[in-house]
Amino acid sequence: MDTIAIPALNRPVDATVEIPGSKSLTNRALLVAALAQGDSVLENALFSEDSEYFAKCVEQLGIPITLNPHLAQIQVAGRGGDIPAKQADLFVGLAGTAARFISALVALGNGEYRLDGVPRMRERPMGDLLTVLEAGGATINFEGNSGFMPYTVYSRQFAGGNFRLKANQTSQQLSALLMIAPYAQQDTNIEVEGTLVSQSYVKMTCRLMADFGVEVIQIGDNQFQIKAGQRYQARHYTVEPDASNASYFFAAAAVTGGRVRVKHLTKQSCQGDILWLNVLEQMGCQIKDSDDYTEVTGPKQLQGIDIDMNDISDLVQTLGAIAPFASSPITIRNVEHIRYKETDRIKAVVTELRRLGVKVEEFADRLKIEPGPITPAAIETYHDHRMAMAFAVTGLKVPGIVIKDPGCTAKTFPDYFTRFFQMLEQ
Ligand SMILES: O=C(O)C1=C[C@@H](OP(=O)(O)O)[C@@H](O)[C@H](O)C1
Ligand SMILES: C=C(OP(=O)(O)O)C(=O)O
């Protein structure tokens, strides 16, 4: 297996970087642009496994897509809600957004659509969404376990109506339903039963729908109404840099007491993970922002923090990877749902920190990390891009850290290590 050795940096990092477009925004924009009537152009779109699987699925459904990776641009010739292909065999890799959003998209069609992913995707929850799609007129045939990939959706133009949805393991199933709902035959009301995790992503969904001309009425935290007959407007749309993927570069400034500026990402971002800046501020960093960049300057000594990361859970690994360098323990709470992601992320972070000799306590929905010296090791990444990206930052402080299977960053950030090393050379 391939590995990358991280060179420890015996000086503060001092760099200005650019981060590719957001995965979450690229895949949402692809979906709504496919449903709009006419041509949309996505600028600064992400080119990575997650977005390329997504684009390929849309294309297989008969909606033409032109990819221009050199311009970071994607053109979508939307078909006004029609799904031209009556049959397709669709593969989503390990992309949770593609799995959930494409399953919902095909429910608007009138045909037979098989969906599958990599082995881990077959373990990630799909059932609550599929139950709603069935109530809206589809029939689902599971090849293995009920509620999991692979399956075939036999769809009959999603009816809409009143639904209850569980969203305690992922918010993506709610986002998927919200985005297709304007094209249902009748108005849709969705009541979330119990806890809604990752709420910031649902806000992002509503914001993106509004940017393409569709309104969601939200009543309280848990009820969503979408009027049928609303239509997305084709448009030029510029994707923000990915705030989750910017977190590793900001973290590099934080741990080395250096400075990193990320261009074109601002505090006004619609991505919940922009709150990483607040986390770093509470840990002692200084934040400078303008209308075209944000910059983090790390302190001499990072402080510990006790934090609920339910809403910003893609950052758990970033915080976990720098936690041993804080002056006091770091407790990360309310993140049981990260056990259902690319890997069981609580278990993965705990295992790898312990491999580095760090004292960590694991609970069902939280972890507590004690500061302390690190013994270098080769980090397992479990096919999880965020394990590789986060623990590379740890390696800046401790000579001898090696990242196994660095190619797994291709899921959302194929040239992560190139940009990471460029940051070190500035
Ligand atoms: O809607 C989205 O784009 C996402 C929602 C979050 O997932 P969950 O809702 O499963 O927590 C996040 O972790 C994922 O990276 C992207
Ligand atoms: C959880 C993630 O991805 P997915 O969209 O596959 O859920 C992630 O990118 O951290």
Side-chain angles (χ1 to χ4, degrees), residues 20-32 46 48-54 92-104 117-118 120-129 149 165-179 192 195-209 239-240 242-248 269-273 275-276 309-320 334-346 348-349 365 381-390 408-414 416:
S22 149
K23 165 200 76 175
S24 295
L25 289 171
T26 300
N27 284 359
R28 281 167 174 73
L30 279 171
L31 181 80
V32 304
L46 175 64
S48 75
E49 283 175 5
D50 276 19
S51 55
E52 285 166 19
Y53 283 129
F54 201 106
V92 299
L94 184 50
T97 49
R100 280 71 183 236
F101 301 174
I102 298 290
S103 294
V118 299
R120 174 60 180 173
M121 195 64 237
R122 291 181 173 190
E123 297 172 352
R124 299 184 68 187
M126 298 297 307
D128 297 318
L129 169 64
M149 288 187 164
L165 176 76
K166 286 215 211 84
N168 61 335
Q169 293 182 327
T170 171
S171 68
Q172 292 176 0
Q173 310 194 51
L174 173 60
S175 286
L177 284 171
L178 291 173
M179 286 190 282
V192 174
T195 314
L196 168 58
V197 296
S198 298
Q199 285 201 35
S200 63
Y201 287 92
V202 177
K203 279 196 199 119
M204 182 199 290
T205 301
C206 297
R207 167 74 187 275
L208 184 116
M209 290 171 69
V239 176
E240 295 177 3
D242 193 300
S244 323
N245 285 347
S247 72
Y248 312 108
S269 166
C270 68
Q271 301 168 72
D273 282 1
L275 288 179
W276 180 237
M309 292 187 92
N310 189 283
D311 230 13
I312 51 171
S313 68
D314 286 356
L315 305 176
V316 169
Q317 287 136 306
T318 328
L319 183 54
N334 202 11
V335 289
E336 189 167 2
H337 59 303
I338 72 173
R339 293 191 184 272
Y340 309 107
K341 302 206 186 235
E342 284 80 338
T343 185
D344 174 340
R345 286 181 169 169
I346 293 187
V349 170
D365 67 344
T381 49
Y382 311 96
H383 305 292
D384 186 347
H385 53 146
R386 301 206 187 282
M387 290 302 290
M389 296 194 280
C408 68
T409 69
K411 186 174 189 284
T412 60
F413 203 159
Y416 173 74

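Indexing begins at 1, ligand by ligand and atom by atom, following the structure's order. Owing to the predicted nature of the structure, the values given are computational and were not obtained by experimental measurement.
Nearest protein neighbour of atom 7 (O) of ligand 2, counting heavy atoms only, is R124 NH2, 2.7 Å. Nearest non-hydrogen protein atom to atom 10 (O) of ligand 2 is R386 NE, 2.6 Å. Atom 5 (O) of ligand 2 has K23 NZ, 2.8 Å as its closest protein atom, hydrogens excluded (heavy atom only). The shortest contact between atom 8 (C) of ligand 2 and any protein heavy atom is with E342 OE2, 3.1 Å.
By the criterion of a heavy-atom distance under 4.0 Å, the backbone of A95, and not its side chain, is placed next to ligand 2. Contact annotation: for T97 versus ligand 2, heavy atoms closer than 4.0 Å belong to both the backbone and the side chain. Neither the backbone nor the side chain of T170 comes within contact range of ligand 2; no heavy atom lies under 4.0 Å.
Considering Q199, H337, K341 only, the shortest heavy-atom separation from atom 8 (P) of ligand 1 involves K341.
The distance between the ring centers of Y248 and F413 does not fall below 6.0 angstrom.
Close contacts of ligand 1 with S198, meaning ligand atoms under 4.0 Å from a residue heavy atom, involve 8 (P), 9 (O), 11 (O).
Using modelled atom types, one finds no donor on one side chain facing an acceptor on the other under 3.5 Å when comparing Q172 with T97.
Taking 4.0 Å as the cut-off, T97 counts as a neighbour of ligand 1 on heavy-atom distance. Ligand 1 is never approached by M204 to a heavy-atom distance shorter than 4.0 Å. Residue contact annotation: R100 has no non-hydrogen atom under 4.0 Å from ligand 1.
A side chain to side chain donor-acceptor pair (under 3.5 Å) with E342 holds for exactly one of K411, H383, R386; it is K411.
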